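I have placed the structure first, in the form of structure tokens, so that the comments after it can refer back to it.
Here is the naming used below: chain letters follow the sequence lines, and residue numbers restart at 1 for every chain. Since the structure is predicted, the reported quantities are computational estimates derived from the model, not experimental observations.
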Amino acid sequence: MSIGLTEQEKVRRVTLKRLIDLGINPYPAELFPINTNSKEIKEGYKEAENNFQEVVVAGRFMSKRIMGKASFAEIQDAYGKIQIYINRDEICTGEDKTMYNDVFKKYLDIGDIVGVKGKVFKTQVGEISVHATELILLTKSLRPLPIVKTDSDGKTHDAFTDPEQRYRQRYTDLIVNPHVKEAFIKRTKLTNSMRQFLNHKGYLEVETPILQPIYGGAAARPFKTHHNTLDMTLYLRIANELYLKKLIVGGFDGVYEFAKDFRNEGMSRFHNPEFTQMELYVAYKDYYWMMDLVEEMVEKIALDIHGKTEVQVRKNTINFQRPWKRYTMYEAIEHFTGVDISEMNEAELRITAEKLEVPIDETMGRGKLIDEIFGEKCEPLLIQPTFITDYPVEMSPLAKKHRSKEGLVERFEAVCNGKEICNAFTELNDPIDQRARFEEQLELGKRGDDEAMILDEDFLRAIEIGMPPTSGLGIGIDRLAMIMTNSNSIQDVLFFPQMRPEKKAIEMSDSEKTIFEVLKKEGNLEIADLKEKAGLSGKQWDKGLKGLTKLGLTKVEVNGDTKTICLK
RNA sequence: GACUCGUUAGCUCAGCUGGUAGAGCACGUCCCUUUUAAGGAUGGGGUCCUGGGUUCGAACCCCAGACGAGUCACCA
């Protein structure tokens, strides 16, 4: 058998061959006509009615309990598990008992996908089961699955928990860890609920470019790529804000997009290089209006997913019921630190930050200092959903200046469970001001801020043509999904989180290669001769030769006193 | 990027002071007609993450590295 397979994998390949020899196709092409599933059966079966008497189900073999001529097995389909009862003389009506004795008992393994025809009944122990009349192999599994068992006390044994393996082999994770599937179903409910809400309001779902010649709409480092035909640099979008605003200029009065965005930055349990945001732009609205919309929408999402507005996240019960608390940033800082910073200049802020033990540095301006104090002293304490409004102008080059407060913009974030979940503005539509703000960003860029925004002439042209007063929103779908599914890490709400590449499978080690090369060049050699020619240390020599023998590449021929190493 | 912890059978994990690598489940063979973490008997299965070092001898001690997790830093 092939090198590198485990014993269990070899056994399964032998089994596969036996099945083929028996004329059973382990990978049949034709459709399998299932007419129900585990959930329907468990919920709908009534002993008195004697219903579900001709069922056809299919799923993955998850356990097998053989007791002589009768057996129980469990199959798992998309909705859960159901027990199958198999009796030898019913599966094999004639004299030939191969189907039961060999195929079922020996050749069907945990992990195989099978179809079952039969009738539903309740066992003596009271478990609703399918009494099989026919068993059909639909797919042979060649790799053993981790076996997770739950005992009568509900205690789980041998759970498949290693995060690395779970993320790298999400398919396995999904098979053996039912709660994982639940979390992803909730995530999809979330986006469905949001989409339904926005469609109901009459907004248009759109798609905008992911490959962009100029990246913009946020402050972040991008991924860079190259288009061969046009011979130009393209960037994976870090946001889609500017494109959506161009559509508002074009005359749509409400557009939204569920957007995969890409940021070439650090990874953590809150950050993945690609993540999903929903951005929404609505004409003739301002940020107050948008706050109402966010409250309404997120409350609905919680209701759609959980049937109530309260969501348990670790130790905290978060209640999304409207209305949410609203603080201006100044109010929030005063509330949590007792310090009123609204009238402070940069020097005073610096002193305040130091008093509050907020880490700061020389390069920080007034806006950044305020943001640092907020981020350090307020944000982590905001567990219940809370709107924070009116941010310093320096940090928001795309937001409109506040209608009445000097130095601030009309911007809000919703903070929940100590983390930002959305960001919204009354959008800046004054082209003169917008150009000036971009130019300030250019200055920052020249001073070394590699996340400063780039001036986008096409966007400015659009704004000059005229964008109606508009309110815009960006809401982090992954972060919201983490809260709605009580997940501690973004990796738990992404099917395939980004990971370092897996280590390559076994190849020849250096010492093995050295010996192998000598043998290839010189032909078969006597053992001492080979050792000398290889020129390896004792340890390496021993390891290398043993390794080669194990890989099945060499063998030792003994002839009297001389031992010769041969290539196979 | 810093610190801490981890990496041993297909899975979950033990492995004492450095002395021939273990358990449960899974797998192979055998027994058993309503069981359920089914049971009983028996057997096979290992690059102890990788590479160096110390040692008569390393899963274990030392050094370097890989991968992962957590905390912090960074992150509009």
Under 3.5 Å, which protein N or O atoms sit close to an N or O of nucleotides 72-74 of chain B? Give each pair with its distance.
none

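- Between the NZ atom of A/Lys368 and the C1' atom of B/C75 there is a distance of 8 Å, given to the nearest Å.
- For the C1' atom pair drawn from B/C3 and B/G46, the interatomic distance equals 33 Å after rounding to whole Å.
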(request) Quick one: do A/Gln83 and A/Ser129 satisfy side-chain hydrogen bond (donor to acceptor under 3.5 Å, both in side chains)? Show the steps, please. (result) CA-CA 5 Å; A/Gln83 181 168 268; A/Ser129 310; 3.0 Å; yes

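- What you find for A/Val116 and A/Ala132 is that their closest heavy atoms are CG1-CB, 3.8 Å.
- Contact annotation for A/Phe121: base contact, defined as any heavy-atom pair under 4.0 Å involving a base atom.
- Counting only heavy atoms from C-beta on, A/Glu413 has its side chain closest to B/A76 among B/U33, B/A76, B/U12.
- Of all heavy-atom pairs between A/Val358 and A/Glu372, the closest is CG1-O, 3.7 Å.
- When Watson-Crick and G-U wobble pairs are counted only if both distances are under 3.5 Å, B/A21 pairs with no nucleotide at all.
- Taking atom C1' in both B/G19 and B/G10, the straight-line distance is 30 Å, to the nearest Å.
- Distances were taken from every side-chain heavy atom of A/Glu164 (C-beta onward) to each of B/A38, B/G68, B/C11; the shortest belongs to B/G68.
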(request) Before giving the answer on side-chain contact (heavy atoms from CB on, under 4.5 Å), spell out for A/Lys400 and A/Phe425 the whole-Å C-alpha distance, their side-chain angles and the decisive distance to 0.1 Å. (result) CA-CA 7 Å; A/Lys400 189 177 270 189; A/Phe425 322 134; over 6 Å; no

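- When the shell of 6.0 Å around CZ of A/Arg65 is examined, it contains more than 12 heavy atoms from other residues, nucleotides or ligands.
- Taking the P atoms as reference points, B/G15 lies 10 Å from B/U7, given to the whole Å.
- Residue A/Pro392 is classed as having no contact, given no heavy-atom separation below 4.0 Å to the nucleic acid.
- The residue A/Gln165 sits close only to the backbone: its heavy atoms come under 4.0 Å of sugar-phosphate atoms, none of a base.
- Under the Watson-Crick or G-U wobble criterion, with both distances below 3.5 Å, B/G43 is paired with B/C27.
- Using atom P as the reference point in both B/G70 and B/U34, the two lie 48 Å apart (nearest Å).
- Within 4.0 Å of A/Gln491, counting heavy atoms only, lie sugar-phosphate atoms of the nucleic acid but no base atom.
- Look at NE2 on A/His131: it is 15 Å from P on B/U33, rounded to the nearest Å.
- Map A/Ala218 and A/Glu74 each onto its nearest nucleotide of RNA chain B; the residue landing nearer the 5' end is A/Glu74.
- For the side chain to side chain donor-acceptor pair (under 3.5 Å) criterion with A/Asp390, the lone passing option out of A/Tyr330, A/Tyr327, A/Tyr287 is A/Tyr287.
- Cation-pi check for A/Lys245 over A/Phe459 is not met; the charged atom does not lie both under 6.0 angstrom from the ring centroid and within 45 degrees of its normal.
- Contact annotation for A/Thr123: base contact, defined as any heavy-atom pair under 4.0 Å involving a base atom.
- In this structure B/G65 sits in a base pair with B/C49, meeting the Watson-Crick or G-U test at under 3.5 Å.
- Counting any heavy atom pair closer than 4.0 Å across all strands shown, A/Val11 reaches sugar-phosphate atoms only and no base atom.
- Across every strand in view, B/U36 sits unpaired, with no contact that passes the Watson-Crick or G-U test at under 3.5 angstrom.
- For the pair A/Lys106 and B/C27, the criterion of a side-chain N or O lying under 4.0 Å from OP1 or OP2 is not met.
- When each of A/Asn488 and A/Glu265 is assigned the nucleotide of RNA chain B bearing its nearest heavy atom, the one mapping closer to the 5' terminus is A/Asn488.
- Set against B/C25, B/A37, B/U35, the side chain of A/Asp151 has B/A37 as its closest nucleotide.
- Listed candidates were B/C13, B/U35, B/A26. Nearest to the side chain of A/Ile110 is B/A26.
- Enclosure of atom OH in A/Tyr79 is not indicated, since only 12 or fewer non-hydrogen atoms of other residues, nucleotides or ligands lie within 6.0 angstrom.
- With both pairing distances under 3.5 Å, B/C60 is matched to nothing as a Watson-Crick or G-U wobble pair.
- Listed nucleotides B/A26, B/C27, B/U33 differ in distance to A/Ile147; the shortest reach to its side chain belongs to B/A26.
- Using a 4.0 Å heavy-atom cutoff across all strands shown, A/Ala159 reaches sugar-phosphate atoms only and no base atom.
- Side-chain nitrogen and oxygen atoms of A/Arg411 include none within less than 4.0 Å of the OP1 or OP2 phosphate oxygen of B/A76.
- Going from the P atom of B/C16 to that of B/C32 covers 43 Å, rounded to whole Å.
- Shown here, B/C75 forms no base pair; nothing in the strands shown gives a Watson-Crick or G-U wobble contact with both key distances under 3.5 Å.
- Put simply, A/Arg65 has a side-chain N or O that comes within less than 4.0 Å of OP1 or OP2 on B/A38.
- Taking the C1' atom of each, B/U42 and B/C49 are spaced 34 Å apart, rounded to whole Å.
- The side chain of A/Phe72 lies closest to B/U35, out of B/U35, B/U12, B/C25.
- In this structure, of B/C25, B/U12, B/U35, it is B/U35 that holds the atom nearest to the side chain of A/Met67.
- Of the candidates B/U35, B/U34, B/G45, B/G45 carries the atom nearest the A/Glu7 side chain, counting heavy atoms from C-beta on.
- Nearest to the side chain of A/Ile66, among B/A26, B/U34, B/C32, sits B/C32.
- In terms of phosphate contacts, A/Lys64 brings no side-chain nitrogen or oxygen within less than 4.0 Å of OP1 or OP2 of B/A26.
- Taking the centre and axis of the six-membered ring of A/Phe104, the NZ or CZ atom of A/Lys97 falls outside the cone set by 45° and 6.0 Å.
- To the nearest 0.5 Å, atoms CG (A/Asn429) and CD (A/Gln434) are separated by 9.5 Å.
- For B/G28, the OP1/OP2 oxygens have no side-chain nitrogen or oxygen of A/Gln8 closer than 4.0 Å.
- Judged by distance alone with a 3.5 Å cut-off, no donor-acceptor contact links the side chain of A/Asp162 to the base of B/G68.
- Between A/Tyr85 and A/His131, the ring planes lie perpendicular to each other; the angle is over 60°, past the 30° to 60° tilted range.
- If you check every strand for non-hydrogen atoms under 4.0 Å, A/Asp371 touches nothing.
- The side chain of A/Lys149 lies closest to B/A38, out of B/U33, B/A38, B/A69.
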